[in-house]
Amino acid sequence: MITPKTVLLHVLALFSAVSSASAADAVVTVSADKPGAVICPEIYGQFAEHLGHGIYGGIWVGEDSKIPNVRGIRSDVVAALKNLKVPVVRWPGGCFADEYHWKDGVGPRCDRPSIINTNWGSVVEDNSFGTHEFMDFCEQIGAQPYICGNLGSGTVAEMSQWVEYMTSDAQSPMANLRRANGRDKPWKVKFFAVGNESWGCGGTMTPEYYCDNFRRYNSFLKNYGDNKLVRIACGPGGGDYNWTKVCMEKIGGAMDAVSLHQYTIPTGDWGRKGAATGFDESEWFSTLKNTIYMEELVSENCKIMDAADSQKRVGLYVDEWGTWYDPEPGTNGGFLIQQNSLRDAIVAALNFNIFHAHSDRVRMTNIAQMVNVLQCMIMTDGDKMCLTPTYHVFEMYKVHQGATYLPVAVKGPEYDFGDRSIPAISATASRAGDGAVHVDLVNADPNAAHEVECDLSGMNAKSVSGRILTADKMDAHNTFDNPDAVKPAAFAGAKIEGGRLIVKMPPKSIVALEVK
Ligand code: AHR
């Protein structure tokens, strides 16, 4: 029955809904009723190259080290990586891959030859970490191996034999060599790349020449037993769309994925990239602007791939991405050592939000790199270890691995800097196997808080809980002496109101929410 009292209550309820809606300056629509593709766990892949202390010191300390280790692989790093559920690790490079001869890295360590790592600091590489050690590392952290083969300076036979060595169970020369080196059963190797950056350090090839080489080398990469290779072609660096076009035309039917490499450089100038810490707002802004260029790169590559492959059979693997700054003062410039701040965390989250939105085509990505190099998860110094802000984003976002993407649309304020601007709010969402919806929001604006209203269409939201990653300073970072300066904290700024999710986003923050 309608009485003056119920009318008044309805008016008050409407007024309260309108007034709370008007407090929000950003609206995010999550289409929970229109699920997209599964977010392949491999989107959370990583990259570990023989570069600086990426392997030696960072992962491999040797069996005789005082640093606690299992068969030479440091236990603190393994434990930290296991917590991230790292799905896949790309190895041994990078540029190093195209000068790596895998037979140098098998057999008794005392017999392994030393080489010069010409790409990275011209240091001596003693090959003590080779195929067996890498596979052991993958098994210890629970990740799949992704091997990058040497197309630039290796032979067809060498690449072919590596696959036989790793994956054949036959009584064949390479399988028997593996047995003689202590491993009876073959490993499972799904992901195999034919060369790295073949347009650059991998051989300065034209796309046409590369495709001919891909065809030749790929012909001799066999599937042994039930091991089926996912064959990955070298794709473009940055916006070289012609490279992708040629690959799709010439080897679109032979490859299973094509890679894309894109680094975020604050200044956009490889000669003076910008510092990892102590930067001003201008470099905060340009870093984030440069990183969201990933959206354009991925979209344009997807269009090219869609035109040739409407079934989306071929994956786009962004198998190198992340920030690249000037090296830390006083360090070997060839080791690519850089600090990692709250800005890197925002970069990681923005990239994941982009990758999720393209999860129908982007089925693997590998941040560069895992330990001690570029935008790493973990820094080590002797027996000390410290987790970076980027690590915490991988940890906060791991719930999205294998979940179903829920399309998001963001209407919201811009973050203006001078005469340039980028969207202040970025969002992503997915539904996990247990039905929970995970919504992640980023506020890229270092100065302004924003209230975000999320319309969860098709979902009857009842409760929300979450965590936040933020800090007082744009370049807040963790050190061995202060390892917890930037770490996730419980978040009380989200509530469900009238079925909508209302979130108060502090400046320069990442919020990870679970909605049920
Ligand atoms: O990640 C560092 C280097 O960047 C890789 O070796 C190479 O592939 C890229 O140019």
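Predicted model only: the values in this text are computed from it and were never measured. Position 1 is the first residue of the sequence, and the numbers go up from there. Read the numbers this way: they start at 1 and go in the same order the structure lists the ligands and their atoms.
- At a threshold of 4.0 Å, the pair Arg109-Asp126 does not count as salt-bridged, since none of the basic side-chain nitrogens sits closer than that to a carboxylate oxygen.
- Salt-bridge formation is not detected for the pair Asp475/Lys473: no Lys NZ or Arg NE/NH1/NH2 atom is positioned less than 4.0 Å from an Asp or Glu carboxylate oxygen.
- Using modelled atom types, one finds no donor on one side chain facing an acceptor on the other under 3.5 Å when comparing Ser128 with Glu133.
- Listed by chain and number, residues touching ligand 1 at under 4.0 Å (heavy atoms only) are Phe47, Glu49, Gly94, Cys95, Trp120, Asn196, Glu197, Tyr263, Glu320, Trp324, Gln369, Leu374.
- In this structure, Cys201 and Cys95 have their SG atoms less than 2.5 Å from one another.
- Listed by chain and number, the residues in a side-chain hydrogen bond (donor to acceptor under 3.5 Å, both in side chains) with Glu296 amount to none (sequence neighbours excluded).
- Cation-pi check for Arg343 over Phe279 is met; the charged atom lies under 6.0 angstrom from the ring centroid and within 45 degrees of its normal.
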